[in-house]
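What follows is a single structure, written as structure tokens, with notes after it.
Chain letters run A, B, ... following the sequence lines, proteins first, then strands; residues in each count from 1.
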Amino acid sequence: MHIAHRQRWDVTPKEAVQIQQRLRGKIMMGLSAPLPRHPLIAGADISYDKGSNKLFAAVVVLRLPSLEAIDTVTFVDRARFPYVPGLLSFREAPVLLECFKKLRRAPDVVMIDGHGLAHPRRFGIACHIGWLLDVPTIGCAKSILVGDYRRLGLRRGAHAPLIHKREVVGCAVRTRTGVQPVYVSIGHKIDLPTAVRLALRCAPRFRIPEPTRQAHLLVTQLRLANG
DNA sequence: GCGACAG
DNA sequence: ATCTTGTCGC
Ligand SMILES: [Mg+2]
């Protein structure tokens, strides 16, 4: 797929924060267009080898509702930015975008391992990648960066708003009964209820929705095969 | 100043 | 993110 090449990545952490503050207003909440009946959903994740300082990235494309694999791409590159909470996209997005470039066809939705609006400046990695791709994107994180939530039902499908500074920034979503929730937030061009429904549709069996779960399994294999 | 802190 | 043994529950 074609990627708008409108972001410099060789920046300092201070510049990165300024970029986030400038781009936060560009995020589109709400679906840009209705999703197809059987949407293609891409999952993206990274693995890291500290010995070689390399990032192993993968994007897998699945089709709903069957979750059958449609396409898979990978890319390996040197890490050029440290992990700083709140600045994850400056570390992980460049190599993930290389993966998206290799995709033959643009997915209808993208799911990123990390937050979107549930971020101190409302511009997590799912917002950043969604904006650069100009595709509906959701963040699906395994732990909280900012905010908190109250009473969450124990059953699969239960969800509760994630609140930060009196704003709803996402949703805690129970994808498996009695198991720790995942945290879903808007990345770009999508609304929160749709994002939550998609995450649940993508997680019929495991806590982690299949798109990011498959991407995670793949990058782990890739790292162990290379290093 | 202190604690929190996606991956 | 990675490292790392055993342990618990379906
Ligand atoms: Mg990850």
Among residues two or more places apart or on two chains, list those pairs meeting salt bridge (Lys or Arg N to Asp or Glu O under 4.0 Å) that have a residue in [range].
range	result
residues 127-140 of chain A	A:Asp134-A:Lys189
residues 208-225 of chain A	A:Glu210-A:Arg213
residues 17-42 of chain A	none

Is A:Tyr83 stacked on the base of B:dG7, with ring centres under 5.5 Å apart and planes under 30° apart?
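The ring of A:Tyr83 is stacked on B:dG7.
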Mind calculating the distance between [atom1] ([X]) and [atom2] ([N]) to the nearest angstrom?
X	N	atom1	atom2	answer
A:Arg121	B:dA4	CZ	C1'	14 Å
A:Ile129	B:dA6	CD1	C1'	12 Å
A:Glu92	C:dA1	CD	P	8 Å
A:Asp148	B:dC5	CG	P	11 Å
A:Tyr183	B:dC5	OH	P	11 Å
A:Arg205	C:dC10	CZ	P	17 Å
A:Asp113	B:dA6	CG	C1'	8 Å
A:Ile208	B:dA6	CD1	C1'	12 Å

Solution key, residues 164-171 of chain A side-chain donor-acceptor pairs under 3.5 Å, sequence neighbours excluded:
unit_1	atom_1	unit_2	atom_2	d
A:His164	ND1	A:Arg122	NH1	3.0
A:His164	ND1	A:Arg122	NH2	3.0
A:Glu167	OE1	A:Arg122	NE	2.8
A:Glu167	OE1	A:Arg122	NH2	3.2

Do any N or O atoms of the protein come closer than 3.5 Å to N or O atoms of nucleotides 2-5 of chain C, and which pairs are they?
unit_1	atom_1	unit_2	atom_2	d
C:dT2	OP1	A:Ser47	OG	2.8
C:dT2	OP1	A:Arg223	NE	3.3
C:dT2	OP1	A:Arg223	NH2	3.2

Please set out all donor-acceptor pairs under 3.5 angstrom arising from side-chain atoms of residues 192-207 of chain A, sequence neighbours excluded.
unit_1	atom_1	unit_2	atom_2	d
A:Thr194	OG1	A:Asp191	OD1	2.8
A:Thr194	OG1	A:Asp191	OD2	2.9
A:Thr194	OG1	A:Arg197	NH2	3.2
A:Arg207	NE	A:Gln180	O	3.1
A:Arg207	NE	A:Pro181	O	3.4
A:Arg207	NH2	A:Lys142	O	2.9
A:Arg207	NH2	A:Pro181	O	2.8

Hey, does [X] reach any base, or is it just sugar-phosphate, or nothing, if we go heavy atoms under 4.0 Å?
X	answer
A:Gly139	nothing
A:Ile112	nothing
A:Leu55	nothing

Residue-phosphate contact under 4.0 Å: A:Lys142 side-chain N/O, B:dA6 OP1/OP2
no
Should A:Arg121 and A:Gln20 be marked as a side chain to side chain donor-acceptor pair (under 3.5 Å) after you check the CA-CA gap, both sets of side-chain angles, and the distance that decides it?
CA-CA 7 Å; A:Arg121 290 168 293 280; A:Gln20 292 178 330; 2.7 Å; yes
Using distance only, find each side-chain donor-acceptor pair of residues 143-150 of chain A under 3.5 Å and give its atom names and separation, not counting sequence neighbours.
none

When Watson-Crick pairs (N1 to N3 and N6-O4 or O6-N4) and G-U wobble pairs (N1-O2 and O6-N3) count only below 3.5 Å on both distances, what is the dot-bracket string of DNA chain C, with | for other-strand pairs?
..........
Under the 3.5 angstrom rule, does the side chain of A:Asp71 hit a backbone N or O of A:Val61 as a donor-acceptor pair?
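No; judged by distance alone, with no hydrogens or angles, the pair does not exist.
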Side chains of A:Leu67 and A:Leu62, heavy atoms from C-beta outward: is any pair under 4.5 Å?
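Counting from C-beta outward, A:Leu67 and A:Leu62 do come under 4.5 Å.
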Which residue pairs satisfy the ring-ring contact (aromatic ring centres under 6.0 Å, His included) criterion with at least one member in residues 37-65 of chain A, sequence neighbours excluded?
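ring-ring contact (aromatic ring centres under 6.0 Å, His included) check on residues 37-65 of chain A returns no pairs.
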For A:Ala158, all residues meeting side chain to side chain contact (heavy atoms under 4.5 Å, CB included), sequence neighbours excluded
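A:Ala158: side chain to side chain contact (heavy atoms under 4.5 Å, CB included) contacts with A:Leu152, A:Arg174.
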Base-pair map of DNA chain B as dot-bracket, where | denotes pairing with a different strand and pairs are Watson-Crick or G-U under 3.5 Å:
.......
Side chains of residues 80-101 of chain A: which donor-acceptor pairs under 3.5 Å do they make with residues two or more places apart or in other chains?
unit_1	atom_1	unit_2	atom_2	d
A:Ser89	OG	A:His128	ND1	2.9
A:Arg91	NH1	A:Phe81	O	2.7
A:Glu98	OE2	A:Lys101	NZ	3.2

